[in-house]
Student: 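Sharing a structure with you now.
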Amino acid sequence: MFDLPPENPLLDEKLAEFTDRVLRKDAEDPQPSLAADEELHRLEQVIVQVKQACPPNHLDAKYAAHLRETLQKEWQRSDPQAAPKPVPPAPAQTGVLQKIQDAFSRIFPVSRGGQIAIFEAALLLLILVLLLPERAPLVGAAGANIVLSPVEFGIGIVCLSLLAWLILKKRD
Amino acid sequence: MTKFNSTADINAKTDEELVRIAQTGEVAAFNALYERYLNVVFRRVRYSIPQADVEDVTQEVFIAVIRSLKQFRGDSKFRTWLYTILSHKITDYYRSRDISDFQWKDIADDEIAESVHLAEQVPGATSFTTIDDVIIVRQALLRLPEHYREVILLRFVDDLPFAEIAIQQGQSLEAAKSLFRRAISALQQVLEEAHV
């Protein structure tokens with residue numbers, strides 16, 4: 001590894017003092033002394049070498065500003081408390097789904113939560129109806145050979161929705 | 001609502017006070033720390049890694065500070081904690097690279113050249129005036145044990161006086177100066193090997 005120099009507080013002090021002089025900005029660069037102490041002379045040369053290997057610090061103002069901006073974004077990302085993010089507006093629904101919802105609101109003027117519950121139940125039933133084979137017997141129904149058409153199912157959905165609405169309204 | 005009424009308020013706070021305020025989500029406190037330490041971090045990074053990557057690594061250091069700020073408990077000084085993060089980032093940078101083969105020479109930047117040029121202008125300067133020599137010193141520093149490299153960088157790059165180095169290292173002034181001389185002595189040995 002390294003050969004450790006023996007303890008020498010005086011040498012420590014002299015080298016520190018020389019380093020301070022080398023790094024003092026307003027002073028001329030001192031040269032290694034022609035010290036009688038050969039070790040001190042060699043160490044002083046190293047000090048001058050290290051000083052010369054230190055480039056001047058040129059921090060670009062543009063870079064500093066850009067970095068600050070990047071860090072602000074990072075701060076907001078990592079600390080939601082620091083910058084509460086505005087709730088983005090729900091994307092406007094368009095098309096058939098919106099029209100169905102609007103019509104539904106007009107038919108069932110209940111609270112938004114209730115409307116959603118009814119709408120979802122109706123939608124689920126509608127999907128079931130559409131997926132049901134056209135002539136499938138309703139097992140377990142009175143008169144097992146009775147077959148319901150999609151229109152009859154639709155009426156059933158409306159009735160169920162109405163029932164659900166009445167229950168919700170009563171609860172409110 | 002900011003907790004600071006003026007710049008003077010911010011300047012009056014210690015690093016650790018600013019950290020505590022920043023931990024509550026006050027971005028102004030973090031900005032103050034950023035302003036205080038940008039130069040320090042930038043100088044350290046540019047002394048430790050090639051110029052092409054200095055800006056990226058500096059940014060990574062500050063992002064790491066933001067991400068782990070909540071974990072800072074104040075057991076050590078903020079500056080020491082920051083240096084630990086900085087040191088990890090530089091280690092990460094070199095982890096996938098072989099330092100001994102690292103081609104500083106190929107990417108020697110204009111500022112190294114400027115440094116050399118300044119050295120050449122000093123009457124009676126040592127023969128140490130080429131870019132190669134600057135590169136050798138930087139590589140030699142990277143080969144030193146961490147505690148030796150640290151004390152040299154604290155004095156030369158961070159420009160801390162010995163009294164502050166002693167406080168930062170938790171040592172007496174005499175012990176800090178003694179460590180510095182041993183570090184310079186070790187550097188001299190590495191440089192001698194490099195020149196053989």
Side-chain angles (χ1 to χ4, degrees), chain A residues 1-20 22-25 28-32 39-40 42-60 63-64 66-68 70-84, chain B residues 24-27 30-31 34-35 38-39 42-43 46-47 55 58-59 62-63 66-67 69-70 109 111-112 114-116 118-119 122 124-126 128-129 133-138 141 144-145 148 152 155-157 159 161-162 174 176-182 184-191:
Chain A
M1 209 48 195
F2 300 104
D3 298 327
L4 281 180
E7 296 275 316
N8 190 336
L10 186 63
L11 202 56
D12 295 343
E13 192 59 47
K14 281 184 175 173
L15 190 66
E17 195 185 298
F18 179 78
T19 307
D20 288 343
V22 165
L23 292 176
R24 207 172 294 145
K25 291 178 182 74
E28 279 186 19
D29 278 13
Q31 296 307 304
E39 189 191 351
L40 179 62
R42 280 189 282 110
L43 295 178
E44 285 179 348
Q45 280 184 324
V46 176
I47 295 292
V48 173
Q49 287 184 345
V50 178
K51 162 75 190 310
Q52 289 171 355
C54 289
N57 182 40
H58 290 164
L59 181 60
D60 181 24
Y63 165 70
H66 170 73
L67 177 57
R68 188 178 172 133
T70 306
L71 294 175
Q72 300 303 304
K73 285 178 193 157
E74 179 62 31
W75 179 270
Q76 288 175 9
R77 256 201 302 273
S78 66
D79 190 355
Q81 275 184 338
Chain B
T24 66
E26 178 63 59
V27 71
F30 170 75
N31 288 341
Y34 166 75
E35 295 295 341
L38 174 60
N39 265 314
F42 187 78
R43 273 202 304 262
R46 76 184 303 279
Y47 199 82
E55 293 187 354
T58 303
Q59 179 174 313
F62 279 105
I63 286 178
I66 289 176
R67 289 182 182 165
L69 200 62
K70 287 229 154 74
D109 56 280
E111 290 189 20
I112 291 180
E114 189 183 335
S115 175
V116 169
L118 286 173
V122 177
T126 63
F128 174 73
T129 50
D133 288 333
V134 173
I135 292 163
I136 286 168
V137 171
R138 289 196 182 191
L141 275 167
L144 288 182
Y148 283 169
I152 294 174
R155 186 66 193 96
F156 283 91
V157 180
D159 206 19
F162 284 106
E174 292 72 28
K177 287 178 178 174
S178 176
L179 175 66
F180 180 75
R181 181 170 67 88
R182 277 183 274 129
I184 292 295
S185 176
L187 182 62
Q188 184 209 340
Q189 290 170 46
V190 176
L191 286 171

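Computed from a predicted model, the values in this text were never measured in an experiment. Chain naming here is simple, since letters A, B, ... match the order of the sequence lines and numbering starts at 1 in each.
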Student: Is chain A contacted by the side chain of Phe62(B), its backbone, both, or neither, given a heavy-atom distance below 4.5 Å?
Tutor: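 Both backbone and side chain of Phe62(B) come within 4.5 Å of chain A.
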Student: Shorter than 4.5 Å, heavy atoms on both sides: which option in Glu174(B), Arg182(B), Gln188(B) has the most such pairs with chain A?
Tutor: Gln188(B)
Student: Taking salt bridge (charged side-chain N to carboxylate O under 4.0 Å, His left out) as the test, write out the residues that go with Asp60(A), two or more places apart.
Tutor: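 Testing Asp60(A) for salt bridge (charged side-chain N to carboxylate O under 4.0 Å, His left out), a comparison that skips the adjacent residues, returns none.
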Student: Evaluate side-chain contact (heavy atoms from CB on, under 4.5 Å) for Asn8(A) paired with Arg181(B), printing each intermediate quantity in order.
Tutor: CA-CA 9 Å; Asn8(A) 190 336; Arg181(B) 181 170 67 88; 3.5 Å; yes
Student: Students often mix this up, so state it plainly: with edges at 30° and 60°, are the rings of Tyr63(A) and Phe42(B) parallel, tilted or perpendicular?
Tutor: tilted
Student: Below 4.5 Å, heavy-atom pairs only: which of Thr58(B), Val157(B), Ile152(B) has the largest tally toward chain A?
Tutor: Thr58(B)
Student: Inspect the contact between Glu39(A) and Lys14(A) and indicate whether a charged nitrogen and a carboxylate oxygen are less than 4.0 angstrom apart.
Tutor: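 Salt bridge: no.
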Student: State which residues pass salt bridge (charged side-chain N to carboxylate O under 4.0 Å, His left out) with Glu35(B); sequence neighbours excluded, sorted by chain then number.
Tutor: Arg68(A)
Student: Identify which part of Leu179(B) has an atom lying under 4.5 Å from any heavy atom of chain A, answering side chain, backbone, both or neither.
Tutor: neither
Student: So which part of Phe156(B) gets closer than 4.5 Å to some heavy atom of chain A, the side chain, the backbone, both or neither?
Tutor: both
Student: Non-hydrogen atoms of chain B under 4.5 Å away: do they reach the side chain of Leu67(A), the backbone, both or neither?
Tutor: both
